[in-house]
Undergrad: 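Take this structure, written in structure tokens, and hold onto it; I'll ask about it next.
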Amino acid sequence: QVQLVESGGGTVQAGASLRLSCTASGFTFDEYGLGWFRRAPGKGRDFVAGINWSGTSAVFADSVKGRFTISRDNAQNTVSLEMNSLKPEDTAVYYCARHSRSYSMGSSADYDYWGQGTQVTVSS
């Protein structure tokens, strides 16, 4: 079955960096786009970044543009989110998701499988 397992979360101070990873299994990895979402305390799940199947195209939420990058390794079945210049407002549970091959990438409705999430806490 499809599985997505996130890792790399933790607690850091504002301005620090973190790298999240997601390891996938149960499907042909290089046939699907992937995305990262986050859910802050008391809020809904928000799009963070998405990457196409080949890794040649990526999109980002305005709130993270210039600070976060997304990449994938199709040989290792992993997708990563490099987060720099972290802010307290980046505190959230971060989720990896498989794109459902819909036209867009920026909505949770565009994704069909989700990981369990990893907590990122940024202190001021």
Side-chain angles (χ1 to χ4, degrees):
Q1 71 276 24
V2 174
Q3 286 192 313
L4 299 162
V5 180
E6 302 93 339
S7 61
T11 300
V12 297
Q13 290 192 327
S17 298
L18 269 180
R19 183 180 179 90
L20 306 182
S21 292
C22 173
T23 301
S25 61
F27 64 99
T28 305
F29 187 75
D30 61 7
E31 291 184 356
Y32 289 85
L34 296 153
W36 286 94
F37 285 74
R38 67 187 182 186
R39 187 191 299 272
K43 297 188 177 180
R45 188 162 54 188
D46 294 328
F47 173 75
V48 176
I51 190 167
N52 71 339
W53 66 273
S54 63
T56 57
S57 178
V59 292
F60 297 90
D62 288 343
S63 58
V64 306
K65 277 181 184 175
R67 299 189 298 123
F68 290 13
T69 57
I70 186 171
S71 60
R72 64 188 293 161
D73 184 339
N74 286 348
Q76 298 294 325
N77 284 14
T78 59
V79 59
S80 297
L81 185 70
E82 182 74 32
M83 306 184 294
N84 299 312
S85 303
L86 283 161
K87 305 175 181 180
E89 51 264 43
D90 294 318
T91 295
V93 177
Y94 283 72
Y95 300 89
C96 170
R98 190 183 81 167
H99 190 246
S100 65
R101 297 174 170 172
S102 64
Y103 181 74
S104 63
M105 290 197 87
S107 167
S108 58
D110 297 317
Y111 297 80
D112 55 7
Y113 287 92
W114 298 81
Q116 293 298 307
T118 186
Q119 176 71 48
V120 171
T121 302
V122 185
S123 61
S124 56

Undergrad: Is any side-chain heavy atom of V59 closer than 4.5 Å to a side-chain heavy atom of F47?
TA: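 Yes, close enough: below the 4.5 Å cut-off.
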
Undergrad: List the steps, then state whether salt bridge (charged side-chain N to carboxylate O under 4.0 Å, His left out) holds for R38 with D46.
TA: CA-CA 5 Å; R38 67 187 182 186; D46 294 328; 5.6 Å; no

Undergrad: For D30, is there any backbone N or O sitting under 3.5 Å from a side-chain donor or acceptor partner on T28?
TA: no

Undergrad: Under 3.5 Å, is there a donor-acceptor pair linking the side chains of D110 and S100?
TA: no

Undergrad: Holding to side chain to side chain contact (heavy atoms under 4.5 Å, CB included), I want the full list of residues that pass it with S108, two or more places apart in sequence or in another chain.
TA: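 In terms of side chain to side chain contact (heavy atoms under 4.5 Å, CB included), with neighbours along the sequence ignored, S108 is linked to F37, R45, W114.
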
Undergrad: Give a yes or no on whether a salt bridge exists between K65 and D62, defined as a side-chain N under 4.0 angstrom from a carboxylate O.
TA: yes

Undergrad: On a heavy-atom basis, which atom in A14 and which in P88 lie closest, and how many Å separate them?
TA: CB-CD, 4.1 Å

Undergrad: For residues S80 and S21, report the shortest heavy-atom separation together with the two atoms involved.
TA: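 It is OG-OG, 3.6 Å.
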
Undergrad: Determine yes or no for a side-chain-to-main-chain donor-acceptor pair under 3.5 angstrom, with S57 supplying the side chain and N52 the backbone.
TA: no

Undergrad: Can you tell me how far the OG atom of S63 sits from the NZ atom of K87, to the nearest 0.5 Å?
TA: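 Spacing of OG (S63) from NZ (K87) equals 8.0 Å.
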
Undergrad: Is it the case that over 12 heavy atoms from other parts of the model lie below 6.0 angstrom from the CD atom of Q116?
TA: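 No, not enclosed.
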
Undergrad: Kindly say whether G50 contributes a backbone atom to a donor-acceptor pair with the side chain of H99 at under 3.5 angstrom?
TA: no

Undergrad: Do any N or O atoms from the side chain of E6 and from the backbone of C96 form a donor-acceptor pair under 3.5 angstrom?
TA: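 Side chain of E6 to backbone of C96: a pair is present.
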
Undergrad: Hydrophobic side-chain clustering at under 4.5 Å (ILVMFWY, transitive links): who's grouped with Y103? Put none if nobody.
TA: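 Its cluster mates, by chain and number: none.
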
Undergrad: Checking one residue: V12. Which other hydrophobic residues are in its cluster under the side-chain 4.5 Å linking rule?
TA: V2, L4, L18, L20, F27, F29, Y32, L34, W36, V48, I51, F60, V64, F68, I70, V79, L81, M83, L86, Y94, Y113, V120, V122

Undergrad: Provide the full list of salt bridge (charged side-chain N to carboxylate O under 4.0 Å, His left out) pairs with a residue in residues 69-85, sequence neighbours left out, each pair given once.
TA: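 Every pair satisfying salt bridge (charged side-chain N to carboxylate O under 4.0 Å, His left out) with a residue in residues 69-85: R19-E82.
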
Undergrad: Do the side chains of Y111 and M105 get nearer than 4.5 Å, heavy atoms only?
TA: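 When only atoms from C-beta onward are counted, Y111 and M105 do touch, with a gap below 4.5 Å.
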
Undergrad: Please enumerate all residues that pass side-chain hydrogen bond (donor to acceptor under 3.5 Å, both in side chains) together with E31, with sequence neighbours excluded.
TA: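 So E31 forms a side-chain hydrogen bond (donor to acceptor under 3.5 Å, both in side chains) with R101.
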
Undergrad: Between S17 and N84 (side chain of the first, backbone of the second, donor and acceptor by atom type, cut-off under 3.5 Å), is there such a pair?
TA: no

Undergrad: Nearest 0.5 Å, what's the NZ-CD distance between K43 and E89?
TA: 9.0 Å

Undergrad: Once side-chain hydrogen bond (donor to acceptor under 3.5 Å, both in side chains) is applied, do any residues pair with N77, and if so which ones, sequence neighbours excluded?
TA: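 Applying side-chain hydrogen bond (donor to acceptor under 3.5 Å, both in side chains) to N77 gives none.
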
Undergrad: Quick one: does S107's side chain have a donor or acceptor within less than 3.5 Å of a partner on A109's backbone?
TA: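 Yes; judged by distance alone, with no hydrogens or angles, the pair exists.
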
